[in-house]
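Note that the structure is predicted; figures quoted are calculated from it, not measured. Every chain is numbered from 1, with letters handed out A, B, ... down the list of sequences.
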Number of protein chains: 2
Amino acid sequence: MNVLHDTSKASATLDRLLELVVLLGEDMTQSLAREGLTTSRAHVLWVLHHEGPATQRVLADALRVTPRNITGLVDGLVATGFVTRERHPTDRRATLVSLTERAAASMGQMHSSHRELAELLFGDMPARRFSAFATGLDHVTDRMREGLRAAQAGR
Amino acid sequence: MNVLHDTSKASATLDRLLELVVLLGEDMTQSLAREGLTTSRAHVLWVLHHEGPATQRVLADALRVTPRNITGLVDGLVATGFVTRERHPTDRRATLVSLTERAAASMGQMHSSHRELAELLFGDMPARRFSAFATGLDHVTDRMREGLRAAQAGR
DNA sequence: TATTGTTATACTCTATAACTATA
DNA sequence: TATAGTTATAGAGTATAACAATA
């Protein structure tokens, strides 16, 4: 009886977590659309922002996606002015993809949105509740990582 | 100084929350793929499971997607044996979409996966920490709902 | 011989617009 | 005249396979 009770509470909490996943996803999609981006294209910008100019091969590995797919994403980002393709200085097979000024501006905008969202979600939370939530979140994220790793190993 | 400190902690916590979003999304995509489903098609099954047999119009409204899109999703689900199209008893323009046995089996499987995931994420959590997390999650979800509603109103 | 990125082909999800059959 | 669902067309993300240029 004790176990059953816990199980149903855990299930209900997972439901709410999944609802939050959906809401966060919608919010992110909308914010990116306002900047003229999709999640996949933003992911490319994110990698370039952190790694600096990169070859398409590097991007393909970072996004865990086929090189062909990167060709398409970079095509789109070039067409909309977020990145440029340049010759690689030493390897003539490769191209270097770099962020433009427009992309830098968008990244700044995204940072602001991120801070605003953090403020919206946690800004009025009592400090004690906030840190309890953060602790639980760490726990849950760790379990999820382990679970995925196990699933990937067993396949 | 106090404010700045809080802001950076809030940002870091949002980062971890977004990481969890990504992990949960991957897990869900993989589970569904194992059943031969995509998230969109599973969403259709979910609605049919809760509402019973429905017209494509009803499905389009439920998923907030165009009728044309539903045609494609139902085509795929029919081809893979998850649903059937039948004549509507009274309105000859409409079709009724119903779950098959295979879909019922998959829904059962998904329920099991859901319970297992809840157990993985929360099963070894001390009761007090679990309920603190659940409380924080409620808070965060409420703020997110409000934020999205405001964003939609202001557009 | 191996690697980088492309063309060719195909599938899924999504949208708008025009059209058919029915209400 | 309005509604249900289709065909036609298009764009984005994804994949595999074959191929060119270069290492």
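For T55(B) against A94(B), the heavy-atom pair with the smallest separation is CG2-CB, 4.1 Å. Contact between S40(A) and L73(A) at its shortest, heavy atoms only, is CB-CD2, 3.8 Å. Pairing each heavy atom of A134(A) with each of T13(B), the nearest pair is CB-OG1, 4.1 Å. The two residues M125(A) and F133(A) make their nearest non-hydrogen contact at CE-CB, 4.0 Å.
Among the protein residues, L73(B) comes within range of the sugar-phosphate backbone only, with heavy atoms under 4.0 Å from sugar or phosphate atoms but none that close to a base. Note on T90(B): only backbone sugar-phosphate atoms sit closer than 4.0 angstrom, heavy atoms only; bases stay farther off. Residue-level contact check: T66(A) touches the bases, meaning some heavy atom is under 4.0 Å from a base atom.
Residue R85(A) places at least one side-chain N or O under 4.0 Å from the OP1 or OP2 atom of dT6(C). Between R57(A) and dG5(C) there is no side-chain N or O to OP1 or OP2 distance below 4.0 Å. The side chain of S40(B) places an N or O atom within less than 4.0 Å of a non-bridging phosphate oxygen (OP1 or OP2) of dT14(C).
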Could you write out each protein N or O paired with an N or O of nucleotides 7-11 of chain C at a distance under 3.5 Å?
from	atom 1	to	atom 2	distance (Å)
dT7(C)	O4	R68(A)	NE	3.4

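Side-chain proximity of A94(A) to the nucleotides dA4(D), dG5(C), dT3(C) is greatest for dG5(C). Ranking dA23(D), dT14(D), dG5(C) by closeness to the T55(A) side chain, first place goes to dG5(C). For D91(A), the listed nucleotide lying nearest its side chain is dT22(D); candidates were dT6(D), dA4(D), dT22(D). You'll find that the side chain of R93(A) is closest to dA23(D), out of dT14(D), dA15(C), dA23(D). Proximity note for Q56(B) (side chain, C-beta onward) versus dT6(C), dT6(D), dT14(D): the nearest is dT6(D). In this structure, the nucleotide among dC13(C), dA12(D), dT6(C) sitting nearest to the side chain of P67(A) is dT6(C). Among the nucleotides dA12(D), dT14(D), dA15(C), the one closest to the side chain of V65(B) is dA15(C).
Here dA12(D) presents its C1' atom at 14 Å from CD1 of I70(A), a figure rounded to the nearest Å. Atom CG of N69(B) is separated from atom C1' of dT16(C) by 12 Å (rounded to the nearest Å). Remark: C1' of dC13(C) and CZ of R64(B) are 16 Å apart, rounded to the nearest angstrom. Rounding to whole angstrom units, CG of residue L59(B) and C1' of dT3(D) are separated by 16 Å. The interatomic distance linking D61(A) (CG) with dT3(C) (C1') rounds to 12 Å, in whole Å.
Summarising the local packing, NE2 of H111(B) is surrounded by 12 or fewer heavy atoms from other residues, nucleotides or ligands at distances under 6.0 Å.
Between D75(A) and R85(A) there is a salt bridge, since at least one side-chain N of the basic residue sits less than 4.0 Å from a carboxylate O of the acidic one. Under a 4.0 Å N-O distance rule, the pair R143(B)/E146(B) qualifies as a salt bridge.
With the nearest nucleotide of DNA chain D identified for both L63(A) and T95(B), T95(B) has the one nearer the 5' end.
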